[in-house]
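Throughout, a chain's letter reflects where its sequence line sits, starting with A, and its residues are numbered from 1.
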Number of protein chains: 2
Amino acid sequence: MDAITSPPTGSAAQRIEAELRRAIIAMDLPPGTRLSEQEIAAAHGVSRQPVREALIGLARTRLVEILPQRGTVVVKISTRKMMEARFVREAIETAVARRAAEAFDPAARVKIDDLIDLQQKAAQRNAHGTFQRYDELFHIALAEGAGCPLAWEAVSDIKAHMDRACHLTLTSSETMLDLVAQHRAIMAAVDARDPDAAAEAMHRHLREILRALPKVEAEHPDLFE
Amino acid sequence: MDAITSPPTGSAAQRIEAELRRAIIAMDLPPGTRLSEQEIAAAHGVSRQPVREALIGLARTRLVEILPQRGTVVVKISTRKMMEARFVREAIETAVARRAAEAFDPAARVKIDDLIDLQQKAAQRNAHGTFQRYDELFHIALAEGAGCPLAWEAVSDIKAHMDRACHLTLTSSETMLDLVAQHRAIMAAVDARDPDAAAEAMHRHLREILRALPKVEAEHPDLFE
DNA sequence: TCCGTAATACTACCATACAAGATGGGGGCT
DNA sequence: AGCCCCCATCTTGTATGGTAGTATTACGGA
């Protein structure tokens, strides 16, 4: 089961980028953290060049901001941009859900049940990191089963940002189990071959996610811009 | 009027990436072309490092493919992926059009009329490159006016691929003028505050674009995978 | 005490050099 | 002849040194 643990992949630059991305989304590197090429390179036992390429990759997805000749910082969370991100993601994923309900790859269908079960176990253990990883795998499998894996690429970066914000809102085991139930509801509509219901279920799913964000912003204003 | 010519921006890596991206989309570098870090560096009078970073950036948007220790090539066009891309873009832009019809920034509204006029002139002159540039500016302005500039970021990479394919289909001045008319139709629905009509107009607009692609694939099989 | 100025200590950026892997061709062996 | 192995020559990947630019800080004057 390496579907969940796959850091040692390819070049040093890719490894470091994956590790930094994970750390940022998991809030191990909170918004505002200053990142130094030197320190990261020393910590990973490589030179500054691969680290630099990793940071450029992260800057492209807006997870960090590179200020020329000044430094690199983890970008702060913007509630406004989160709402825009949710809008875009909703547009894509409701369309995917609708298509999934019209025709779904049977082979991918059985895999999804396993993913949901594993995600539920992670939620019961209150294992935040693995929960989010299985959440991601669910959405990937849904897109692939619907026949548009490219849609996931478009959602991927957006979801990364949202996951980071969700790390503040998703604290209790109950809220995580709610999301699992919503996943099951989506698949129920897909199985029923009901496009409108599937889109509506996805719509409700995504609307829930960031509901608590404004409250969190009031509690941790330093993490927001 | 620098809105259309903005290559000399920032670092050497960014300049080179922008230049290569333009060349790839304009088919100056056809699919399958082998790109050598050495040659590009020599041609631009810089070292390999910035070129390398530029190629990494292009690889991230799937315009080129880097084969470790082997070489870098301009990716070939895939009709299947183009259809998937159109699906995703349609999902986003119809949602944007719907939102635009609900509320639109007046300041952005007047700018759009200018862009459409300029695009029409470019179509009449059969100036393919500038036509596509104004097409891009139109869609950007629409997203901004609708209040979700982030949506454009999600569409940007997808549109780049589609524009490359359109370079083969958009040959006559008439087809370009058709697209301009469709832009006007979209804005007419937006002005009428009719979300469904705006979404439908956008839908028709995007459906047209790749209609001729299969025929082109039969004519130039070497450009496709 | 406060402010303007200059030196200092960082940063990202670029150039150069080196290393590691992959390919293609040629020569020798079977 | 056909196959295999080795080597020359590409490629990308990594390491290191140096440069230009910015923020900070120390310092001298009012």
Where along residues 34-49 of chain A does a heavy atom come under 4.0 Å from DNA chain C, residue by residue in number order? Leu35(A), Ser36(A), Glu37(A), Arg48(A), Gln49(A)
Note: Glu84(B)-Lys81(B) ion pair, threshold 4.0 Å (strictly below): no
Please enumerate all residues that pass side chain to side chain donor-acceptor pair (under 3.5 Å) together with [X], with sequence neighbours excluded.
| X | result |
| --- | --- |
| His205(B) | Gln182(B), His183(B) |
| Asp163(B) | Lys159(B) |
| Arg207(B) | none |
| Arg86(A) | Glu90(A) |

Partners passing salt bridge (Lys or Arg N to Asp or Glu O under 4.0 Å) against Glu17(B) (at least two apart in sequence or in another chain): Arg60(A), Arg21(B)
Mind jotting down which residue pairs meet the salt bridge (Lys or Arg N to Asp or Glu O under 4.0 Å) criterion with at least one end in residues 109-122 of chain A? Sequence neighbours excluded, please. Arg109(A)-Asp113(A), Arg109(A)-Asp191(A), Asp117(A)-Arg184(A)
Kindly state each residue pair satisfying salt bridge (Lys or Arg N to Asp or Glu O under 4.0 Å) with at least one member in residues 30-42 of chain A, sequence neighbours excluded. Glu37(A)-Arg52(A)
Members of residues 53-74 of chain A that approach DNA chain D, where some heavy atom sits under 4.0 Å away: Gln69(A), Arg70(A)
Anything under 4.0 Å to a heavy atom of chain A counts; send over the first and last such nucleotide of DNA chain C, read 5' to 3'. dT11(C) to dA15(C)
For Ala146(A), which residues count as a side-chain contact (heavy atoms from CB on, under 4.5 Å) partner, sequence neighbours excluded? Val96(A), Arg99(A), Ala100(A), Cys148(A)
Sequence neighbours excluded and cut-off under 3.5 Å, please list the side-chain donor-acceptor pairs for residues 209-225 of chain A, or say none.
residue   : atom : partner   : partner atom : Å
Arg211(A) : NH2  : Glu208(A) : OE2          : 2.9
Glu217(A) : OE1  : Thr79(A)  : OG1          : 2.6
Glu225(A) : OE2  : Ser78(A)  : OG           : 3.4

